[in-house]
Amino acid sequence: MRKLHLRQLFADDPKRGERYTAEAAGLYLDYSKNRIIDETLRLLLTLAGDCNLHMRIEAMFNGEKINVSERRSALHVALRTPKGESIVVNGVDVVPQVHTVLERMAAFSEQIRNGKWRGHTGKRIRNIVNIGLGGSDLGPMMAYEALRYYSQRDLNFRFVSNVDATDFEEAIRDLDPAETLFIISSKSFTTQETLANAQAARDWCLDKLDDKQSLSRHFVAVSSNSSKAVKFGIDAGNIFDFWDWAGGRYSMTSAIGLSTMIAIGPENFRAMLAGFHAMDQHFRTAPLGQNLPVLMGLLAIWYNNFFDAHTQALLPYDQYLRYFPVYLQQLSMESNGKQITLDGMRAGWQTAPIWWGERGTNGQHSFYQLIHQGTRLIPCDFIGFCQSLNPLGHRQDLLMANLLAQAEALAFGKTAEEIRAEGTPEWLVPHRVLEGNRPSNTLLAERLTPGTLGSLVALYEHSVFTQGVIWNVDSFDQWGVELGKTLTQAIFPQLEVAREPELKHDSSTNTLIRRYRRLRRQ
Ligand code: G6Q
């Protein structure tokens, strides 16, 4: 396959661009510009079979404890399961719990949206600030931006995540606390950065509103640790629950999506859940060879493990999807950035590549050069829509022409003969050659709606899961982030203490700490 060129594959089979396609839940996938033939697909599907992908999908949907290292289910699919269906975990049907919380979220969102919920001084809430980090930030931030078109425009949304105080200060600089609602989003309610920002928000409100009672009108929490939230000072009636079987990076359809629901309204939020659910059902029931997440997952394996590709580019041609690559980065890299298999052995193969990306056409004028002519193979996912939410003359056609042209140029390139035929001087010919054969998927949908966003996110969730199954890793834990947190706790007091306690780190860390202390004092 290494020697076969996409030019040849397309010449050999005029129907290739129609054959290598699949469609589900409002998404059309063209995977014909991949370096595969029928035999490749057959072998990849056999690999999926050998790894028991079907059984693992069922295990996930049935609430089995597939998060082995944390002994938990990974049941994000329950968060979008329609009322009346049932998923039992530890003897409890979780679907009614999910809907109870969704209904509470809907009632609260409506009150904020229609102005019935007032701030402490009687003013209407105009600003919603979500404070959270990682899975409690990226999903809400991405979804708000993606669905901004559907948002209530007299409400103003901000997302604060960084422990760098600048994030908080810049977010609240122009806000009036009397008109501001803080959503403290933290599953554990122990995340240091989130608590620091929540504390800053509390102090800011108390400073301006000068009454402890005011907090109950300006603070709500989303957490599975309500006792910690109450201890912090959140009114027990202002806490929206979620569960240990909903992992952080898979939680945007839980109460972590409260800011999204306030922005777009309960009806649109439900449409988003329906989009997720449609893709969930497709993943569970479609034959593997026509299954979008499975196909995309297997293609990712193909390049990662057989072509030694190190990265995967995500290229949405829609301004509203500007944070989609950042969101997917966590989804994939935190899920599958592992080297120990489910049996506790070291994986003898590469696992997750680096995911990165940018909106088209911005990326084109930045890093596409490397994808076209660099020495590395970078598989690309192009994502585009047939209708613009903001139609302006021929701009959508122009945008989509760019997407289609890039995928075409990557696949087919331009040969030396073609360049010579244009009268290019011989010395310039090699510089202008684009060898092509650079693979891509194209995902096309009619229009960016809440439902489309739901199916798009679910597509990637399940593609990531498929890859994790093949690599035989636990896609739902994240132990790698722990050590840094522990060391931060150790170093933090060493930076502050004036008498400079003895440092017992390595010579690099010690020297950096001493330098920081010196300059910090000045
Ligand atoms: C995601 C991770 C992680 C988590 C954050 C925030 O899967 O678990 O990104 O979401 O560390 O955690 P809390 O919601 O507990 O504050």
Side-chain angles (χ1 to χ4, degrees), residues 60 66-79 101 129-143 159-164 167-168 182-202 219-232 234 239-260 323 325-338 352 355 457-458 460-462 464-465 467-468 473-489:
M60 175 171 79
I66 58 166
N67 178 352
V68 172
S69 79
E70 294 180 320
R71 300 202 167 131
R72 284 180 192 161
S73 315
L75 248 189
H76 37 288
V77 293
L79 298 168
V101 173
V129 182
N130 185 76
I131 294 182
L133 192 57
S136 301
D137 165 64
L138 288 165
M141 181 180 74
M142 181 278 288
F159 297 86
V160 175
S161 53
N162 200 337
V163 76
D164 182 342
D167 200 7
F168 175 76
F182 288 96
I183 305 177
I184 315 299
S185 295
S186 177
K187 181 176 170 182
S188 60
F189 224 87
T190 58
T191 304
Q192 184 201 48
E193 296 88 334
T194 301
L195 292 183
N197 281 321
Q199 190 62 51
R202 216 178 101 117
F219 279 77
V220 299
V222 178
S223 185
S224 58
N225 191 346
S226 41
S227 59
K228 276 244 158 61
V230 168
K231 211 162 160 200
F232 174 84
I234 309 275
I239 300 173
F240 297 86
D241 247 353
F242 74 115
W243 307 273
D244 72 346
W245 45 259
R249 57 193 173 274
Y250 295 89
S251 67
M252 61 172 274
T253 47
S254 72
I256 288 292
L258 183 60
S259 58
T260 316
Y323 295 131
V326 180
Y327 172 80
L328 292 182
Q329 222 164 30
Q330 182 195 26
L331 186 68
S332 169
M333 289 162 75
E334 204 166 62
S335 295
N336 289 334
K338 315 282 162 69
W355 280 27
V457 174
Y460 277 97
E461 284 179 348
H462 300 320
V464 162
F465 176 64
Q467 294 165 56
V473 295
D474 187 336
S475 300
F476 301 103
D477 63 9
Q478 57 282 318
W479 295 102
V481 298
E482 292 306 319
L483 177 61
K485 287 189 199 169
T486 314
L487 293 178
T488 301
Q489 294 300 341

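In each ligand, atom 1 is the first atom listed, and ligand 1 is the first ligand listed.
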Engineer: What distance do S335 atom OG and Q330 atom CD have between them, rounded to the nearest 0.5 Å?
Structural biologist: 7.5 Å
Engineer: Please output the residues near ligand 1 using a strict heavy-atom distance under 4.0 Å, listed in chain and residue-number order.
Structural biologist: L133, G134, G135, S136, S186, K187, S188, T191, G248, R249, Q330, E334, Q478
Engineer: Hey, can you tell me if F465 and F476 have their rings parallel, tilted or perpendicular (30° and 60° cut-offs)?
Structural biologist: tilted
Engineer: Using a 4.5 Å cut-off on heavy atoms from C-beta on, say whether the side chain of M333 contacts that of L328.
Structural biologist: no
Engineer: In chain order, what residues pass the salt bridge (charged side-chain N to carboxylate O under 4.0 Å, His left out) check against D477, with sequence neighbours excluded?
Structural biologist: K338
Engineer: What is the ring orientation for Y460 with W355, classed by angle as parallel under 30°, tilted 30 to 60°, or perpendicular over 60°?
Structural biologist: perpendicular
Engineer: Any side-chain heavy atom of H76 within less than 4.5 Å of one from M252?
Structural biologist: no
